[in-house]
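Since the structure comes first, as C-alpha cells, the remarks are kept for the end.
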Amino acid sequence: MGTSSNAQSRLLGTAIKPPGYRVSLIRPGHDHSASDVEVAAFLRRWWADALAKAAATGTGLSNLVKEQPARPTLKICDIKPNVFFDLCAQIVRVYSPAAGSGQAVLLLTDYTANQSLKDEIVAIDEHHLPIQRHMVMSCTLWDSHVSQVADLRTGQHIYLRNLRGKVDRDGFLEAMMHGERSDDAKKTSVFVLDAAEPADRATAANDRFKSNV
DNA sequence: GGTTACGGT
C-alpha cells in the first residue's frame with residue numbers, strides 16, 4: 001500500500017531508548033501483516049491531524065496536553081514519596097558540603113504543612129513568618145547541583161527543578177535532587193527568585209509567596 | 001527531556 005513506506009520511515013524514527021526498554025517496530029514483511037501497518041499508519045495520521053486541528057483552533061488536544069505537564073510544581077503539602085516535582089520555597093537553612101565532597105542539604109519551607117515531614121520547628125529569623133509544625137522539608141542536593149548552593153542564603157526564595165520525594169531512614173518525607181545527565185540540567189536546577197528582601201518587606205513577601213505557590 | 005534517580009549523615 002502506498003502509505004506503507006512512508007509510515008514505516010516515520011515509525012522507525014523512534015528516539016533511542018535506554019537499555020532494557022523494548023520498542024516494537026511495525027514493519028511490512030517482518031512481524032506484522034500489511035493490515036497491521038495500515039492500521040498503524042491510520043492511527044498516526046489521526047493523531048497528527050488531531051494535533052494540527054487542536055493547534056489551529058486553540059482548543060482540544062494541545063490544551064489538554066498543556067494542562068497535564070509531566071512534572072508538576074507542587075506545594076510542600078502535596079509532595080509524595082517517589083514523585084517528581086518542581087518546587088518554589090524559602091530557604092530556612094543551608095548546609096554546605098564538607099570540603100568538596102558528597103552532598104548539600106537545604107531546609108525549605110513554603111508555609112504549607114505536610115504531616116509526613118519530620119515534626120521540627122526551625123525559625124528563619126525574626127523578620128519572617130513563624131514556621132509551624134511539619135512545614136520544614138529537608139532537600140538533599142547531589143553531584144553537580146552541590147556547586148549551586150554556594151550562592152544560596154537563608155531567607156531567599158528559590159525555584160528548584162526536578163526534585164523527587166523520598167522517605168528517609170526514619171520514615172519521614174524528604175526531597176532529593178539527584179545528578180542530571182545533560183550539561184544544561186546540571187547547571188540550571190536552582191533559581192533564586194528575588195534579591196534579598198528588605199526586612200520590613202519580608203512579611204509581605206512571604207504573604208505573596210504563599211498565595212502564589 | 002525523562003519508564004529520571006543511585007548515594008550519605
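Within every chain, numbering begins at 1; the chains are lettered A, B, ... in the order of the sequence lines, protein sequences first and strands thereafter.
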(message) Between B:dG1 and B:dA5, how many Å separate the two C1' atoms, rounded to a whole number?
(response) 14 Å

(request) In whole angstrom, give the distance that lies between atom CD of A:Glu174 and atom C1' of B:dA5. (result) 13 Å

(message) Whether the A:Glu180 and A:Ser189 side chains hold a donor-acceptor pair (N or O, under 3.5 Å, no angle test) is what I'd like checked.
(response) no

(request) Look at the side chain of A:Arg161 against the base of B:dG2 and say whether a donor-acceptor pair falls under 3.5 Å; ignore hydrogens and angles. (result) yes

(request) Identify whether NZ of Lys or CZ of Arg in A:Arg164 sits under 6.0 Å from the centre of the six-membered ring of A:Phe84 and within 45° of that ring's axis. (result) yes

(message) Rounded to whole Å, please give me the gap between CE in A:Met176 and P in B:dG8.
(response) 10 Å

(message) For a quick check of understanding: with a heavy-atom distance under 4.0 Å over all strands, which category does A:Asn82 fall into, base, sugar-phosphate or nothing?
(response) nothing

(message) Measure CG/A:Asp170 against P/B:dG8 and give the value in whole Å, please.
(response) 16 Å

(request) Using a cut-off of strictly less than 4.0 Å, decide whether A:Arg71 has a side-chain nitrogen or oxygen near OP1 or OP2 of B:dT4. (result) no

(message) I'd like to know if A:Ser182 reaches the base of B:dG1 with its side chain, counting only an N/O donor and acceptor under 3.5 Å.
(response) yes

(message) Just the rounded figure in Å: distance from C1' of B:dC6 to CD of A:Gln103.
(response) 12 Å

(message) Between C1' on B:dT9 and CZ on A:Arg169, what's the gap in Å once rounded to a whole number?
(response) 7 Å

(request) Using whole Å, report how far NZ of A:Lys186 lies from C1' of B:dG1. (result) 15 Å

(request) Check A:Ile76 against A:Asp110 and note the closest heavy-atom contact, atom names and distance. (result) N-OD2, 2.8 Å

(message) Which heavy atom of A:His145 sits nearest to which heavy atom of A:Gly179, and what is that distance?
(response) NE2-CA, 4.0 Å

(message) Taking B:dT4 as the reference, what is the distance to B:dG8 when you measure between their P atoms (whole Å, please)?
(response) 22 Å

(request) Please answer whether B:dG7 and A:Trp142 are stacked, defined here as ring centres separated by less than 5.5 Å and planes angled under 30°. (result) yes

(request) Look at the rings of A:Trp142 and A:His178 and say which category their plane angle falls in: under 30° parallel, 30 to 60° tilted, over 60° perpendicular. (result) parallel

(request) May I have the distance from A:Leu163 (atom CG) to B:dT4 (atom P), rounded to whole angstrom? (result) 17 Å

(request) Please work out if A:Met177 contacts a base, only the sugar-phosphate, or nothing of the nucleic acid, heavy-atom cut-off 4.0 Å. (result) nothing

(message) Quick check on B:dC6: is either OP1 or OP2 less than 4.0 Å from any side-chain nitrogen or oxygen of A:His178?
(response) yes

(request) Round to the nearest Å and state the distance from A:Asp86 atom CG to B:dG2 atom P. (result) 13 Å

(request) Among A:Lys166, A:Lys118, A:Arg93, A:Glu174, find the one that has a side chain to side chain contact (heavy atoms under 4.5 Å, CB included) with A:Ser138. (result) A:Glu174

(request) Could you say whether A:Asp184 or A:His145 is positioned toward the 5' end of DNA chain B, judged by the nucleotide with the nearest heavy atom to each? (result) A:Asp184

(request) Find which nucleotide of DNA chain B each of A:Asp168 and A:Asn162 is nearest to by heavy atoms, and output the residue with the more 5' nucleotide. (result) A:Asn162

(message) Please pick, from B:dG2, B:dG8, B:dT4, the nucleotide with the shortest atom-to-atom distance to any side-chain atom of A:Glu180.
(response) B:dG2

(message) So, under a plain 3.5 Å distance rule, would you say the side chain of A:Arg181 forms a donor-acceptor pair with the base of B:dG2?
(response) no

(message) Side chain of A:Phe84 only, heavy atoms from C-beta on: which candidate in B:dG8, B:dG1, B:dA5 is closest?
(response) B:dA5

